[in-house]
Student: 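Questions regarding the structure given below will be posed in turn.
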Amino acid sequence: MASVAQKRIGVLTSGGDAQGMNAAVRAVVRTGLHFRAGVYAIYEGYQGMVDGGDRIRPLAWDDVGSILHRGGTVIGTARSADFRERAGRLRAARNLIQNGIDRLVVIGGDGSLTGADIFRREWPELVAELYQNGEIDEQTAQLHPALMITGLVGSIDNDMVGTDMTIGADSALYRIIEAIDAITSTAASHQRSFVVEVMGRHCGYLALMSAIAGGTDYVLIPENPPSEGWETQMCELLRHGRAAGRRDSIVVVAEGACDRDGKPISADYVRQVLEERLGEDTRVTILGHVQRGGTPSAFDRWMSTLLGYAAVEEVLSATPESEPQMIGIRYNRIQRAPLMQCVQQTHSVAQKITAKDYDGAMALRGGSFTEMFQMFKRMAEAMPSVALPARPRRLAIIHAGGLAPGMNPAVRAAVRLGLDRGHVMLGVRGGFQGLIDGRIEELTWGGVEGWTSLGGAELGTNRQIPTLEQFYSVGRSLETQNIDGLLIIGGWAAYKAVYELYRERERYPAFKIPMICLPASIDNNLPGSELSIGADTALNVIVEALDRIKQSATAARRCFVVETMGRFCGYLALMGGLAGGAERVYLHEEGITLNDLQADVESMVESFRGGRRRLYLAIRSERANPRYTVDFLTRLFEEESHGCFDVRQAVLGHIQQGGNPSPFDRILATRLAARCIDYLSQELERKSTESAFIGLFEGRVTIFPLKQMADMVDWTYRRPLEQWWLELRPVVQALAQQPTSTNEQEA
Ligand code: ADP
């Protein structure tokens with residue numbers, strides 16, 4: 001980018017706070033400095049802009065160190081009545097101009113972004129008035145003819161049209177799921193029912209996703225009110241669940257839930273219905289501000305970091321004529337969209353709800369929201385027992401590969417949806433060896449109860465791939481058990497095994513049944529899926545570990561070399577680096593050279609000699625280099641530090657496979673499993689014996705024919721040939737290296 005030494009950016013957080021705002025602020029500040037701009041924090045949102053003085057201050061590189069893990073916003077947020085008035089905005093304009101600022105990154109909800117746009121439109125008039133009043137001179141007025149703004153959406157509700165996720169929504173979902181998991185265990189002990197109210201006045205995102213991830217019985221959202229007589233249907237569903245062995249019942253209600261006549265449905269009303277009609281002891285939990293609290297999730301850290309980076313690129317390249325943009329995430333990629341169009345469409349969702357145009361409201365929420373709503377209904381309405389057809393199909397579920405949190409929710413969804421279609425669902429215990437040994441059992445609706453929140457893999461998994469000698473036994477087992485279709489949930493070993501079976505199908509006719517692979521691996525190294533189940537949970541474990549490592553090193557001048565899992569795939573290392581604020585990430589995809597290491601040591605020494613007080617964090621992907629091991633790096637850095645700092649190492653190891661599945665992994669598991677059951681059912685109906693692998697590709701659930709696998713993978717290094725996340729490397733580099741001329745020097 002061309003020199004932008006004169007450009008000054010103001011950054012503010014406004015409206016309701018959201019976890020991840022700090023990551024965005026940090027990224028804005030550091031990216032701005034990286035591109036040689038001046039970056040100013042505007043404290044306490046628009047009120048700070050109106051007040052001026054020391055509420056507008058330049059920020060230096062280190063000012064935003066150690067804030068990634070903090071909830072809320074370190075630069076404060078407020079609701080400002082003054083800014084709603086023109087007089088307030090006039091003062092705000094004067095304060096910005098006095099600091100030489102005419103570019104703003106606004107992080108807030110639709111209210112804040114609307115305010116920013118009003119301010120931007122008025123700016124020329126405000127500048128003219130300031131000049132006429134003698135508050136600024138002519139030259140200053142001419143220097144700032146326009147205000148250029150870029151918006152980031154900070155809102156836990158995930159209520160903005162134009163971005164798939166808003167800053168804070170994933171963390172809020174975490175909080176809700178923690179609460180629902182806790183409620184589930186107490187509810188189950190007492191056979192109680194619970195009604196949980198979550199935030200979302202016009203947006204049912206948190207309610208719907210927490211209902212799916214929490215494995216609850218019923219959900220009420222504003223965009224799609226239940227039809228008349230819903231109370232009876234809800235009670236029916238809960239009754240069926242109880243009869244099938246459920247010990248708890250949970251109904252999730254969005255704050256803004258209404259019936260079809262627009263009459264609000266309160267959590268208390270739902271409680272009354274359950275008590276009266278089911279005679280159940282029912283309790284209400286209103287989660288309220290808990291949802292805004294706590295430390296941000298890994299996703300909210302890395303996504304907000306990318307958003308902050310992109311926002312600075314955008315605001316620095318903006319011209320007085322350009323239309324202001326909102327930076328969001330669509331289909332797993334950072335994307336810009338015209339700011340005011342997004343805000344208007346968001347308002348029109350609320351208007352459509354008020355006007356009872358629910359189809360219109362759902363349509364504006366987008367295809368995957370509607371898909372998820374339908375899926376929840378299918379899951380919730382799936383009957384514990386249906387009349388089986390004369391010759392039911394027998395679908396078997398098997399795991400292979402390393403353990404991935406999310407395997408259990410995937411099995412649960414597959415079993416319930418499979419039973420609902422009249423299939424017999426079988427679970428194979430202990431991977432392919434279990435299949436050979438005939439360790440196969442029928443799975444029931446009640447048998448998978450509670451699996452949504454369970455880490456590990458109840459069916460068991462291992463990395464065994466059947467050998468040529470074992471093919472015969474595998475075939476026999478498939479035949480003797482009358483298995484009509486196979487769902488393989490797992491990692492590299494699962495994919496490789498199915499690929500081998502597929503290739504041998506001419507010699508072993510038993511393999512001529514539809515099979516589908518569902519990606520579950522913390523390594524995120526599977527073809528056809530940009531994200532595999534388990535990777536998000538593992539990233540959260542990594543981020544939590546990094547937080548502790550950082551805390552442990554607060555008092556020391558220290559470098560930490562942390563190794564993440566992933567084998568030859570650097571996903572966990574790079575994303576862990578982005579989310580955890582690493583200075584350096586070593587990947588197999590890039591390799592490590594001696595020159596790199598020398599440059600790294602020099603930069604460490606320079607940084608610590610220059611007074612660095614924070615940890616220098618280096619993350620190494622498991623197989624980044626066979627000889628430059630963690631141990632080697634640690635000793636090399638220690639030796640070359642010449643006593644200027646000390647060096648420690650941590651190999652995170654198997655804790656990365658532990659933990660209960662994150663909300664995202666539960667949702668993805670459910671979504672993919674549902675589509676796998678559809679696929680197998682369809683293929684069986686068509687009498688086809690095709691096989692496939694499924695994934696989330698460019699944001700959409702996609703099914704690839706199995707034969708395509710060979711063209712998509714690097715068999716040697718066990719990873720997809722194309723890895724989307726490698727393009728994020730420049731962001732890590734930009735945020736890690738402090739440029740030589742700093743903010744203060746330029747200010
Ligand atoms: P959110 O940004 O979370 O939607 P609000 O709607 O409360 O939160 O907006 C936050 C702040 O943005 C308000 O307190 C006000 O200062 C400013 N703001 C919101 N709407 C407008 C508007 N129409 N004109 C000027 N400022 C506005």
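First listed ligand is number 1; within each ligand, the first listed atom is number 1.
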Student: Check this for me, if you would: do R120 and D117 make a salt bridge, where the nitrogen-to-carboxylate-oxygen distance has to be below 4.0 angstrom?
Tutor: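 Yes, charged N to carboxylate O under 4.0 Å.
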Student: Holding to side chain to side chain contact (heavy atoms under 4.5 Å, CB included), I want the full list of residues that pass it with V541, two or more places apart in sequence or in another chain.
Tutor: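 Testing V541 for side chain to side chain contact (heavy atoms under 4.5 Å, CB included), a comparison that skips the adjacent residues, returns I655.
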Student: Taking atom types as modelled and ignoring hydrogens, do the side chains of T140 and D137 form a donor-acceptor contact shorter than 3.5 angstrom?
Tutor: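 T140 vs D137: donor-acceptor pair found between side chains.
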Student: Got a sec, which residues hit side chain to side chain donor-acceptor pair (under 3.5 Å) with D357, two or more places apart in sequence or on another chain?
Tutor: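 Once residues adjacent in sequence are excluded, D357 has no partner under the side chain to side chain donor-acceptor pair (under 3.5 Å) criterion.
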Student: Got the residues with a heavy atom under 4.0 Å of ligand 1, by chain and number?
Tutor: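 Close residues (ligand 1, cut-off 4.0 Å): S14, G15, G16, Y46, R79, S80, F83, R84, R89, G109, D110, G111, S112, G115, I118.
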Student: Can a donor-acceptor pair be found, under 3.5 Å and without considering hydrogens, that links the side chain of T295 to the backbone of H69?
Tutor: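 Checking the backbone N and O of H69 against the side chain of T295, a donor-acceptor pair under 3.5 Å is found.
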Student: Does R260 have any side chain to side chain contact (heavy atoms under 4.5 Å, CB included) partners at least two apart in sequence or in another chain, and if so, which?
Tutor: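 Residues passing side chain to side chain contact (heavy atoms under 4.5 Å, CB included) with R260: N224, P225, Y358.
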